[in-house]
Every structure is written in structure tokens, then in C-alpha cells.
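What follows is a set of notes on a single structure, which appears directly below.
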There are 2 protein chains.
Amino acid sequence: MRQKTTAAERRAGLAAAERACSRSGKKLTPLRRRVLELVLNAGKPVGAYNLLKSLRADGFSDAPPTIYRTLEFLQAQGLVHRIAKSNTFVACSRPHDDHFGLIFVCRQCGGAVELEEQQVIADIGCCAGRLGFQMSRQVLEVEGTCRDCGAAL
Amino acid sequence: MRQKTTAAERRAGLAAAERACSRSGKKLTPLRRRVLELVLNAGKPVGAYNLLKSLRADGFSDAPPTIYRTLEFLQAQGLVHRIAKSNTFVACSRPHDDHFGLIFVCRQCGGAVELEEQQVIADIGCCAGRLGFQMSRQVLEVEGTCRDCGAAL
DNA sequence: CTCGTAACGTTATACTGTAACATCATTACA
DNA sequence: TGTAATGATGTTACAGTATAACGTTACGAG
Ligand SMILES: [Zn+2]
Ligand SMILES: [Zn+2]
Ligand SMILES: [Zn+2]
Ligand SMILES: [Zn+2]
């Protein structure tokens, strides 16, 4: 699973952040911008306390609420997703639209790939409908082994 | 979302546990049996430390490793699922077969319904195939509001 | 019997996340 | 310009979740 983030992807992520914030009337402050950069640069899911360590080097507060609040903001803007199975955070690969995505996370290398799969969404929506269940916007997590790690065995 | 577990469901869960253990050559010890009972009786996702409190009343050790080890065992037997989004555990609704399930969890009442949806599994398997990704057996979590809680708004 | 393994107990600690309140900056408006 | 409201961040303290490491007990195989 590819884990590098290209410079173009990082620029696109930050541009999406500017758009998302101006649309919602929120501010992309230096702290928020920096955290998003860190998540983009990681190129794979990264833990909150790891991000916190980087923030210290940049002169921001390194107390837990700093990073959790900021990540919450970025999630609300649809710029970052939380991966519950590993308590990590990853940059959204399609931050330009509201989506219901599917994220494949490799147990070996920690890499992640996000897809938007209309068919899956439709099928799950159908099940939800039968249950009278109202889904919230989210990404589903699929765990396993990526191609590279599988080949390396 | 219905949260009661019927006596029949509890019996079925324990019977499935007997079968799963005899098939895998493991033992369904009093502790394991008791934890499974507790999860079945809860009828909805329940936290590890809640289970631990109940164990104390039964004379078992109430140190964290007790419950985490036991839950890990029950998960390996396919009798219990872990819901990552809420750090809780719930009894499997179809413990008789290996499955790739879909679990709908209500944010309001905490209830959960587990489905096995062949179409969803097939679609996700297809995506995984394109990525060269080998999925592990699991359940996907869908968060939202159940019918009852939605109606109560 | 005794040896090896599985199961369980025990202690300590690591990791993850939030409550509550203080401080500072920005905006809005009298 | 004062001042009040709001949003963002800082700070302290703590709650909740999970595992490492090691000791002890139970029990069947040889
Ligand atoms: Zn996304
Ligand atoms: Zn991998
Ligand atoms: Zn199940
Ligand atoms: Zn509900």
C-alpha cells in the first residue's frame, strides 16, 4: 500500500481546507492548518499523541485537548477521518464532497486507501431502510492485508 | 431498537459456544461461560469495565486482563463482536457460521442490530480484489439512529 | 509422577480521550 | 471608544480503555 503523499496531494488538501472553511464561515487558523499538514504529510493513519509531539516542536500547546479539538474541527469539515479500529486519523482522499466512504486499512503496514463505492452505499442504505435506521455520514473500515504486505509474506 | 434478549436467544448463544469450543478444542470454562452470559443478557453493546464489575460480584478477579482476555477468546470463537466506535462488545447474532457482517448501532439508545448481507459483502470483496487487499473476517459498523429513537424525536 | 501447557490471578503501567475553567483575540454594536 | 459576545487556544486535572509482565493454579499426556 502506497504511503507517500505527493506535494500535489498536500496542496490539494490544504486548498480543500480553505474552501471548506470559507464555505462554512470557520477559520483555518495556523494550528488547524498545521495539524492538517501533519496528517497530510503522514500519508497514512496517525495517532493523536504522535501529532501532539509534532505540535510541540512548532511551539503549540502539547496538551491533549489541543489535538483532539483540532481533529474534531477537521473531521467536521470533512477533511480528516477517524479510524476507530486503530484510534488513528487520516486525511480524506476526496475532501471536496460529502461522502459515505469505504476505507481499507492494512494491519501490517498501517497504510489506508479510501474509496467511494456507490454500490456499497446503496446496499447498506437499503438495509438501513428496512430497519428504519437513519445512517450518519461516515466511512466504513475494512481491515486486512494490503497487496504489498501480502506479497512480502 | 429492541434491546431485550429472550431466554431462547441466551440458550442458543450458550449452545453455540459449546459447539464452537468443542470444534476448536478449547474449553468453555466457568469464567468464559459467565462472560458470554453477561454479554448475552445485556442484549446490547456493553463496555469491558461494566462486565468487569459484574464479574466481581461472581467472585472472579476484577482486574482488567481478566475481561480483556476472556473477550478476546470469545471473539476468536466468533461468539462476540467488538464495536470499535464505542469500545463495546456485543454477542454475535449468528454465531453458527463464519460471517462478514454489518452492524447498525444507534447513537441514542446504544442498541445494535447485526445483519449478514451477501450483496454488501460481495461488493466490498470486489473492491478489495481490485486493490489486491485481503480482508479479514469482521463486522462493519454503521452508526446512526434507530427507528424507535428516530420516532421519539 | 512430573512435565508442559492452558487458564487465571495480580501488579503496574501505557495509551486514549474529556471535563472544566482560564486566557486571549476578534467581531459587533451601543 | 468602551464593552459585550463569541470563538479559539491554553492549562490542569482526571476519566476511560487496554496491555505488559510475571506469578500461580489446574489438568491432561506421557
Ligand atoms: Zn473521505
Ligand atoms: Zn500493508
Ligand atoms: Zn456476528
Ligand atoms: Zn435507538
Side-chain angles (χ1 to χ4, degrees), chain A residues 17-18 20-36 38-39 42 45-77 79-90 107 110 141, chain B residues 17-18 20-36 38-39 42 45-77 79-90 107 110 141:
Chain A
E18 304 277 10
C21 288
S22 73
R23 206 184 327 130
S24 62
K26 307 295 173 96
K27 279 181 288 195
L28 187 64
T29 62
L31 173 60
R32 290 167 176 175
R33 185 183 186 84
R34 182 61 186 142
V35 170
L36 179 55
L38 289 170
V39 175
V46 55
Y49 280 73
N50 274 346
L51 294 169
L52 211 46
K53 269 189 274 186
S54 307
L55 285 185
R56 183 182 321 163
D58 293 325
F60 294 103
S61 162
D62 65 340
T66 301
I67 191 64
Y68 283 103
R69 280 195 291 231
T70 308
L71 287 169
E72 186 179 24
F73 173 85
L74 294 172
Q75 285 177 261
Q77 306 305 310
L79 300 166
V80 160
H81 298 302
R82 176 178 146 82
I83 300 181
K85 284 178 153 68
S86 52
N87 298 319
T88 54
F89 301 83
V90 68
R107 277 216 187 97
E141 305 163 22
Chain B
E18 305 276 12
C21 288
S22 73
R23 208 182 327 129
S24 62
K26 309 294 174 94
K27 278 181 289 193
L28 187 64
T29 62
L31 173 61
R32 291 168 175 173
R33 186 184 186 83
R34 182 61 185 143
V35 170
L36 179 56
L38 289 170
V39 175
V46 56
Y49 280 73
N50 274 347
L51 294 168
L52 211 47
K53 269 189 273 185
S54 307
L55 284 186
R56 183 183 319 162
D58 293 325
F60 294 102
S61 163
D62 65 340
T66 301
I67 191 64
Y68 283 104
R69 280 196 291 231
T70 307
L71 287 169
E72 186 178 25
F73 173 84
L74 294 173
Q75 284 178 261
Q77 306 306 310
L79 300 165
V80 160
H81 298 302
R82 176 178 144 81
I83 299 180
K85 284 178 153 72
S86 52
N87 298 318
T88 53
F89 301 83
V90 67
R107 278 216 188 97
E141 304 162 22

Atom of B:Leu28, atom of B:Ala17 and distance for their closest heavy-atom approach: CD2-CB, 3.9 Å
Min and max contacting nt of DNA chain C in 5' to 3' order, chain B heavy atoms within under 4.0 angstrom, are C:dA7 to C:dT11
Base, sugar-phosphate, or nothing for B:Arg32, non-hydrogen atoms under 4.0 angstrom? sugar-phosphate
Does A:Gly59 or B:Lys27 map to a spot on DNA chain D nearer the 5' end, using the closest nucleotide for each? A:Gly59
Could you state the OH-P distance from A:Tyr68 to D:dA15, rounded to the nearest angstrom? 17 Å
B:Asn87 CG to D:dA15 C1', in whole Å, measures 13 Å
Send over the distance from B:Ile67 CD1 to D:dA18 P, rounded to a whole Å. 11 Å
Taking 4.0 Å as the cut-off, does a side-chain nitrogen or oxygen of B:Tyr49 come that near to OP1 or OP2 on D:dT17? no
Would you kindly give the CG-to-P distance between A:Leu31 and D:dG10, to the nearest whole Å? 6 Å
Round to the nearest Å and state the distance from A:Arg69 atom CZ to D:dT12 atom C1'. 12 Å
Working note: A:Arg82 + A:Leu71, criterion side-chain contact (heavy atoms from CB on, under 4.5 Å); need CA distance, chi angles, decisive distance, verdict. CA-CA 9 Å; A:Arg82 176 178 146 82; A:Leu71 287 169; over 6 Å; no
Heavy-atom nearest nucleotide on DNA chain C taken for A:Thr88 and for B:Phe73; more 5' hit belongs to B:Phe73
Does D:dA18 have OP1 or OP2 sitting under 4.0 Å from an N or O in the side chain of B:Arg82? yes
Using a strict cut-off of less than 4.0 Å between a Lys/Arg side-chain nitrogen and an Asp/Glu carboxylate oxygen, indicate whether B:Glu18 and B:Arg33 qualify as a salt bridge. yes
Show your reasoning for whether side-chain contact (heavy atoms from CB on, under 4.5 Å) applies to B:Leu31 and B:Leu55. CA-CA 8 Å; B:Leu31 173 61; B:Leu55 284 186; 3.9 Å; yes
Could you check if a side-chain atom of B:Glu141 sits within less than 4.5 angstrom of a side-chain atom of A:Lys85, using non-hydrogen atoms only? yes
For side-chain contact (heavy atoms from CB on, under 4.5 Å), just list the numbers for A:Thr88 and A:Ile83, CA-CA rounded to whole Å, side-chain angles, deciding distance to a tenth of an Å, and then say yes or no. CA-CA 5 Å; A:Thr88 54; A:Ile83 300 181; 3.6 Å; yes
From CG of A:Leu52 across to P of D:dT9 the rounded distance in Å is 14 Å
Round to a whole Å and report the spacing from CG of A:Asp62 to C1' of D:dG10. 11 Å
Would a distance-only check, ignoring hydrogens and angles, find a side-chain to backbone donor-acceptor pair under 3.5 Å from A:Thr70 to A:Thr66? yes
I need the CD1-P distance between B:Ile83 and D:dT17, as an integer number of Å. 14 Å
